[in-house]
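Just below is one structure, and these are the notes that go with it.
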Amino acid sequence: MKTDFLVIGSGAAGLSFALDAAEHGHVTIVTKGRIDECNTDYAQGGICSVTYEPDTFEKHIEDTLVCGAGKCDREAVELVVRNAPDMIRQLIERGTRFDRTPDGRFELHREGGHSEFRILHHEDLTGAEIERALTESVRRHPNIDVLENHFAIDLLTQHHLGEFVTRHTRGLACFGAYVLDTATGEVVTVLSKFTVVATGGCGNIYSTTTNPAVATGDGIAMCHRAKAITRNMEFIQFHPTSLYNPGERPSFLITEAMRGYGAILRLSDGSEFMDKYHPMKSLAPRDVVARSIYREMKRRGEEFVYLDVTHKDAETTRRHFPNIYEKCLSTGIDITRDMIPVTPAAHYCCGGVEVDLNGQTSIKRLYALGETSCTGLHGANRLASNSLIEAVVYADRAAKHAISNLGSVDFQDGIPEWDFEGTQHAEEMLMLIQSKREVQQIMSNYVGIVRSNLSLKRAMRRLSIIFEETEELYGKTKPNRELCELRNMIAVAYLVIKQGRELKESVGCHYNTDYEA
Ligand code: FAD
Ligand code: SIN
């Protein structure tokens, strides 16, 4: 199969790129499940953009830099913040509806680490609204084909032409991808002029996560195998407030916008505790809040703390957070009367595949966008609601860059079809599920909110056993989604641990007790 632009992933990043690129060439989107199975669909709080005074670009830039704990790239921050209003206009043109006040102005929310109200939202279902609008636009576009239930396995480079490649190989380029049709088991060789990896995050490497099941870090793992550079992988962000509801996967998020609205974190005796940890209290940056909750839970031997919104007007609470209200009610909690039990959960990958200001990776003809990428915007800790806007800003940049180079590249000859020789259908799916759980336990036990040199070393040792077993199995098995995902989760977990061991300090989302500040 040949296509000008191969887009892997159908969240905000992939769909936005596809819509831009489709004006200039043919786009094929492959996505491993339904089109709307993605982190984007789960986003609640909203999307950041400086909208009204007294907010300014400078304030949004400063908040992002402060939250990123000295590890942001200023150019990336400026790029996203200054382009955000244009991208919000584009989202609206593409059909997204943001909530407005009765006088027609945008209703803005505020979340942790923000000095101003600058978060546009659609009720508490902002991501689903963006995904709906983009999906409808994509479905209507004659130049875009969407292949659901198609799982990208690996990126094609000179390696597939028999050349020896390393991360330092000059001129390393991407020619497309091997894609598994999960309905037939066939592996399609998709040749493209440009390839975009927009496969989202990797929350599922942890036992407790807000991410849906598709977030297994596939794109980061694929790029790593193809010899692209990754960075900042140790900065896994834990959201402080997921609903404590043991056994539920993914964990249901209680948006930080609720704290922006006035909800207060409390212990089981009703006392506040965030004032001990940060002057912004419940609205402190996310890493601080998650760590403070972790400390309180550990100290008291409890599995959750409470989020209290009962002092706010019940009707207004229901209007702002209808989805959360209904969900909590379904578990027996009326948030207008009862405190909500909450606990931190793995939420966002601040690192990823290193890209430049055009979303280009270290491999030519290969872009990484959205949560898969590391643009430098988030540094060591992402400012709330900065990721959706990053996804659309960089999709726009990457599309413009690829379009301007479209005339100078052609499809690559000589790429072999997938080699099934010596492989059989998987016999033991149970072992895969067990290995997946083991990876999640290793990461949660040893590479969680708080780590140490010893815990990281222990995690690496244990992971290496599962790595060896899985590689052996992979070598003799026809590809299937579960096995490929497990392999990718192991690769991503490895990167988180390895890069965590290399960082000799505690900063942002990486807190190592051997380097306490
Ligand atoms: P995604 O939306 O995750 O899309 C990835 C796509 O890639 C999916 O379609 C997936 O199926 C596909 N895919 C993955 N692997 C493969 C493969 N091997 N082959 C083919 N397809 C593949 N951010 C904000 O800015 N504001 C918020 O309010 C907010 N709230 C959030 C709430 C929750 C509960 C969660 C989980 C995240 C939230 N985030 C929020 C973060 C934000 O939603 C994500 O970072 C962002 O949506 C990522 O978009 P994306 O396009 O990069 O990836
Ligand atoms: C939330 O709504 O609290 C999540 C926002 C985000 O992750 O950016």
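Each ligand, and each atom within it, is numbered from 1 in the order the structure gives. The structure displayed is predicted, hence computed values, not measured ones.
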* Any N or O of Ala12 that comes nearer than 3.5 Å to an N or O of ligand 1? ->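 Checking ligand 1 against Ala12, an N or O pair does fall under 3.5 Å apart.
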Minimum distance, heavy atoms only, to [atom]: which one of [options] is it?
{"atom": "atom 13 (N) of ligand 1", "options": "Thr199, Asp36, Val197", "result": "Thr199"}
{"atom": "atom 43 (O) of ligand 1", "options": "Leu125, Leu253, Leu134, Asn39", "result": "Asn39"}
{"atom": "atom 17 (C) of ligand 1", "options": "Thr372, Asp218, Thr31, Ile220", "result": "Asp218"}

Can you tell me which portion of [X] lies within the under-4.0 Å heavy-atom range of ligand 1? Options are side chain, backbone, both, or neither.
{"X": "Gln44", "result": "backbone"}
{"X": "Arg382", "result": "side chain"}
{"X": "Ala198", "result": "backbone"}

* Interfacing atoms of ligand 1 (cut-off 4.0 Å, heavy-atom, Glu37) ->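 The atoms of ligand 1 under 4.0 Å from a heavy atom of Glu37 are 8 (C), 9 (O), 10 (C), 11 (O).
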* With atoms numbered from 1 as shown, which atoms in ligand 1 lie under 4.0 angstrom from a non-hydrogen atom of Gly45? -> 28 (O)
* What residue and heavy atom of the protein are closest to atom 33 (C) of ligand 1, and at what distance? ->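 The closest one turns out to be His347 CE1, 3.4 Å.
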* Specify side chain, backbone, both or neither for His121, according to which of its non-hydrogen atoms lie closer than 4.0 Å to ligand 2. => neither
* Measure Asn386 to ligand 2 on non-hydrogen atoms and call it side chain, backbone, both or neither using the 4.0 Å cut-off. => neither
* To do: Report the relative orientation of the aromatic rings in Phe321 and Tyr261; use parallel for angles under 30°, tilted for 30 to 60°, perpendicular for over 60°.
  =>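 Perpendicular.
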